[in-house]
Amino acid sequence: MRTRFAPSPTGPLHLGHAYSALLAHDMARAAGGTFLLRIEDIDRTRARDHWEAQIYEDLHWLGIDWDEPPLRQSDRISAYEAALDSLWQRELIYPCHCSRRDIAAAASAPQEGAEPTVGPDGLVYPGTCRALLAPGYGATPRPGGTALRLNMARALEALPEIAFEETGAGPEGEAGRIVTSRQQLTETIGDVVLSRRDFTGSYHLSVVLDDAQQGITHVVRGQDLFSATPIHVVLQHILNLPHPQYHHHRLIRDETGRRLAKRDDARAIATYRTEGRSPPDIRAMVGL
Ligand code: GLU
């Protein structure tokens, strides 16, 4: 078993992160497996060195150690570029120039009054730029400085069933073999962004490439990412990557039932530490 914790250095780790990291770490140790760390810092506009340093400090304080040097996404740009080149040549991605406002306008235009579909990344892309493509475009150089979207319908053409093994549970208690239909993928998820205008890659692209690079067999992460997992399975198919098992875990909420967020400094691990709490206190607070 090889698992990982993959925080973004964009704010302090809070109780929700502590739960995720401790759970993955405990599972790896109980199985005699390997626990790894990955710093998800591709978004250089938000990542900060001091948050990365704080992540190492907080995890060490919690008693978490990792078995290999951390993988930093900012060191992996050439791997993301190579994957994008391959997808471009196969015409599985296309450039998109739409702003959020363009998407909102186009998504609500066809059915006046009908609510546009919201997928794991927000509004499902209505396909405006996909319709502008001339066949054979994959033979031209891949453009830079623009967003690139997955052509979901085309990606699904040659694929078998989209399924993954859930050893934890989704938000509705989904467990076991989770199958997502082609219709669900095209209609409720759609053409997700695989490379951003302002940086190379996107969460979906980098997470599958990095899980493969780190040889991850079990992805342990929050239920908020359950709905994104079918996207990752599609990408593993078209990029010829192995399929790990998934263990989505419950989210840690505040007393009003809201998910904790990065700006929730009151529940930052570092705050609890300066208040004199101990690592076992943190474990107890998250129910471990
Ligand atoms: N970097 C993501 C986060 O901080 C986690 C991604 C994952 O575990 O797949 O929410």
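Just follow the structure's listing: the first ligand is 1, and inside any ligand the first atom is 1. As a basis for the values below, the full set of heavy atoms in this structure was taken, side chains included, without hydrogen atoms, waters or symmetry mates.
Taking the side chain as every heavy atom from C-beta outward, Cys96 and Arg149 approach each other to under 4.5 Å.
A ring-centre distance under 6.0 Å is not found for Trp66 and Phe5. Separation of the His218 and Phe35 ring centroids does not fall under the 6.0 Å cut-off.
Counting only N and O atoms by type, the side chains of Asp58 and Gln54 include a donor and acceptor under 3.5 Å apart.
Heavy atoms only, all atoms of each residue included: Gly168 and Ala175 are closest at O-CB, 3.7 Å.
Residue Asp224 does not touch ligand 1, judged by heavy-atom distances below 4.0 Å.
For ligand 1, the atoms sitting less than 4.0 Å from at least one non-hydrogen atom of Tyr203 are 6 (C), 7 (C), 9 (O), numbered in the order shown with element in parentheses. Listed by number with element, the atoms of ligand 1 under 4.0 Å from a non-hydrogen atom of Ser8 are 1 (N), 4 (O). When each atom of ligand 1 is checked for a heavy atom of Glu40 under 4.0 Å away, the hits are 1 (N), 2 (C), 5 (C), 6 (C). Within the listing of ligand 1, atoms 9 (O) sit less than 4.0 angstrom from a heavy atom of Val207.
Annotation: cation-pi pair Arg44/Phe199 absent, no NZ/CZ under 6.0 Å from the ring centroid and within 45° of its normal.
For the pair Arg4 and ligand 1, the shortest N or O to N or O distance falls below 3.5 Å. For ligand 1, one of its N or O atoms has an N or O atom of Ala6 under 3.5 Å away.
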